[in-house]
Amino acid sequence: MEFFATSNKIPVHISDSKNGDTVLVLLHGYLETLYIWEDFRSLLDSRIRTLAIDLPGHGLSGSFDENTMDRTASVIKDVLSICGVEKAYLAGHSMGGYAAIKFAESYPEQCSGVMLLNSNPFADSPEKINDREREMEIVRADKLVYLAQSSIPKMYSPDNLRKFDDKIQETIEICETHDPEGIVSSIKGLMKREDMSGFWKNCSMKTAMIFGDNDKFMPVEKAREIIEMFKNSKSYIIEGTGHNSFIEKAPEVAEIVNGFVE
């Protein structure tokens, strides 16, 4: 069931499967929408109720002047209340993982556990901030679709590009629904993201991390360093995948998520 609700004075696009006793909130990544989860949700245990939203600045949801992780976490909290959910697991892809960590820190009493999908708990490096500033200029020049065309294929392992050509094209086309100013506001929020590694390392709730072995944005060597750094988290490297492991090896990742969500 899809519907709209208001949170913090902005409209939020929500999808709720309605069925299931245990709730899992699925949070998409940068330039994606809740529709990125459509196929993956069908692979999850029928006892899991899934919620997905268009994060602020993306898809059919509204935007703040800066879509910080604090504001995004607040929106997630409101969505749980709107849907009558007291406590939930969160799984966040890339940018969605940053929001999931912030939610867990801000509202631990409502969080059963957090899984990061091709994400990490660190703030942007100076180099990444420079990249984001260039992206803002591209979006402001009315070239959002050009940005999507150049960046979204890079989220897949090269060996998977032909296999997932339809999914790649669909994601690029959906970028037409994004408000460019909303994307700029989201980039600003990403740039201002705080380092959450201390919280993640000492987090007492259930946590897990999934990485791809051919992720252009997170080299496997760096992923192994992160796994070694955060031994409190159950971690997996999914072979033959890039930055979209939950799409490229959906059955394997769904099995892990099913096991994580009790």
Report task. Taking ring-ring contact (aromatic ring centres under 6.0 Å, His included) as the test, write out the residues that go with H28, two or more places apart. Result -> H58
Query raised in the report: Is it the case that one hydrophobic cluster holds both Y89 and V75, taking links as side-chain heavy atoms less than 4.5 Å apart, direct or via other members?
Result: no
Query raised in the report: Are side-chain heavy atoms of R71 and N67 found at a separation under 4.5 Å?
Result: no
Report task. Test salt bridge (Lys or Arg N to Asp or Glu O under 4.0 Å) on K102 and D70 and set out the steps. Result -> CA-CA 7 Å; K102 190 61 187 179; D70 282 305; 3.4 Å; yes
Query raised in the report: When you check the side-chain N and O atoms of S197 and D195, is any donor under 3.5 Å from an acceptor?
Result: yes
Query raised in the report: Is I168 reachable from I174 through a run of hydrophobic residues whose side-chain heavy atoms are each under 4.5 Å from the next?
Result: no
Report task. For E239, look at atom CD and say whether over 12 heavy atoms of other residues, nucleotides or ligands are found less than 6.0 Å away. Result -> no
Report summary line: Tightest non-hydrogen contact, residues D54 and L34, listed as OD1-N, 2.8 Å
Query raised in the report: So, for V114 and M205, which heavy atoms are closest and what is the spacing to 0.1 Å?
Result: CG2-SD, 4.3 Å
Report task. Test side-chain contact (heavy atoms from CB on, under 4.5 Å) on N244 and I36 and set out the steps. Result -> CA-CA 10 Å; N244 279 346; I36 200 74; 5.5 Å; no
Report task. Evaluate whether atom NZ of K143 has more than 12 neighbouring non-hydrogen atoms of other residues, nucleotides or ligands under 6.0 angstrom away. Result -> no
Requested in this report: Using a 4.5 Å cut-off on heavy atoms from C-beta on, say whether the side chain of V85 contacts that of R49.
Outcome: yes
Requested in this report: May I ask you to test the I53-S61 pair for a side-chain heavy-atom distance under 4.5 Å?
Outcome: no
Query - Reported CZ-to-CG distance for the pair R162 and N160, which is rounded to 0.5 angstrom - result: 12.5 Å
Query raised in the report: Given E137 and R134, is the salt bridge (Lys or Arg N to Asp or Glu O under 4.0 Å) satisfied, shown in steps?
Result: CA-CA 5 Å; E137 293 308 309; R134 284 192 291 270; over 6 Å; no
**Report entry** Partner residues of F3 under the ring-ring contact (aromatic ring centres under 6.0 Å, His included) criterion, sequence neighbours left out
**Finding:** none
Query raised in the report: Can you find a pair of side-chain heavy atoms, one from M69 and one from E105, that are under 4.5 Å apart?
Result: no
Requested in this report: Begin with the C-alpha distance, continue with both residues' side-chain angles, and end with the deciding distance and a verdict on side-chain contact (heavy atoms from CB on, under 4.5 Å) for I14 and C83.
Outcome: CA-CA 9 Å; I14 304 168; C83 294; 4.3 Å; yes
Query raised in the report: Does NZ or CZ of K206 fall inside the cone over F260's six-membered ring, less than 6.0 Å from its centre and within 45° of the axis?
Result: yes
Query raised in the report: Do side-chain atoms of E248 reach the backbone of S157 as a donor and acceptor pair under 3.5 angstrom?
Result: yes
Query raised in the report: Would a distance-only check, ignoring hydrogens and angles, find a side-chain to backbone donor-acceptor pair under 3.5 Å from N120 to A223?
Result: no
Query raised in the report: Step by step, would you call D213 with K249 a salt bridge (Lys or Arg N to Asp or Glu O under 4.0 Å)?
Result: CA-CA 12 Å; D213 68 343; K249 288 286 182 73; over 6 Å; no
Query raised in the report: Is there a path of hydrophobic side-chain contacts, each under 4.5 Å between heavy atoms of I, L, V, M, F, W or Y residues, that connects V12 with I82?
Result: yes
Query raised in the report: Picking from K154, K222, H243, what satisfies side chain to side chain donor-acceptor pair (under 3.5 Å) with D215?
Result: H243
Report task. Run the numbers on M209 and T207 for side-chain contact (heavy atoms from CB on, under 4.5 Å), then give the verdict. Result -> CA-CA 7 Å; M209 298 184 291; T207 60; over 6 Å; no
Query raised in the report: Shortest non-hydrogen contact from G92 to S119?
Result: O-CB, 4.3 Å
Query raised in the report: L24 pairs by side chain to side chain contact (heavy atoms under 4.5 Å, CB included) with which of V257, L51, D45?
Result: V257
Query raised in the report: Do you know which two heavy atoms are closest between S233 and W200, and how far apart they sit?
Result: OG-NE1, 3.3 Å
Query raised in the report: Shortest non-hydrogen contact from S63 to I10?
Result: O-CG2, 3.7 Å
Query raised in the report: Taking the side chain as C-beta and beyond, is there a heavy-atom pair between K167 and D39 under 4.5 Å?
Result: yes
Query - N/O donor-acceptor pair under 3.5 Å between R193 side chain and F122 backbone - result: yes
Query - Euclidean distance, S235 OG relative to E228 CD, rounded to 0.5 Å - result: 10.0 Å
Requested in this report: Decide if atom NZ of K192 counts as having more than 12 heavy atoms of other residues, nucleotides or ligands within a radius under 6.0 Å.
Outcome: no
Query - T50 backbone acceptor or donor facing R41 side chain under 3.5 Å - result: yes
Report summary line: Taken to the nearest 0.5 Å, the spacing of L147 CG from Y30 OH works out to 5.0 Å
Report task. Please check if M115 and M95 belong to a single hydrophobic cluster, counting links between Ile, Leu, Val, Met, Phe, Trp and Tyr side chain heavy atoms closer than 4.5 Å. Result -> no
Query raised in the report: Would you find a donor on one side and an acceptor on the other, under 3.5 Å apart, between the side chain of N118 and the backbone of G242?
Result: yes
Query raised in the report: Is any side-chain heavy atom of L80 closer than 4.5 Å to a side-chain heavy atom of Y107?
Result: no
Query raised in the report: Above 12 or not: heavy atoms from other molecules or residues under 6.0 Å from CZ of R140?
Result: yes
Query raised in the report: Taking the side chain as C-beta and beyond, is there a heavy-atom pair between M155 and F217 under 4.5 Å?
Result: yes
Requested in this report: Go through L31 and L144 one step at a time and tell me if the side-chain contact (heavy atoms from CB on, under 4.5 Å) criterion holds.
Outcome: CA-CA 9 Å; L31 296 183; L144 175 56; 3.8 Å; yes
Query raised in the report: In terms of heavy-atom contacts, does CD of E170 have more than 12 from other residues, nucleotides or ligands at under 6.0 Å?
Result: yes
Query - Approximate separation, where rounding is to 0.5 Å, of L116 CG and M196 CE - result: 10.5 Å
**Report entry** Side-chain heavy atoms of Y35 within contact of E2, under 4.5 Å
**Finding:** yes
**Report entry** Parallel, tilted or perpendicular, as decided by the 30° and 60° cut-offs, for the rings of H13 and F4
**Finding:** parallel
Report task. Locate the shortest heavy-atom distance separating P153 from L161; write the atom from each residue and the value. Result -> O-CD2, 3.3 Å
Query - same_hphob_cluster(W37, I76) at 4.5 Å side-chain heavy-atom cutoff - result: no
Report summary line: Separation between CG (L44) and CG (L26), nearest 0.5 Å, reads 6.5 Å
Query raised in the report: Nearest 0.5 Å, what's the OH-CG distance between Y156 and D165?
Result: 10.0 Å
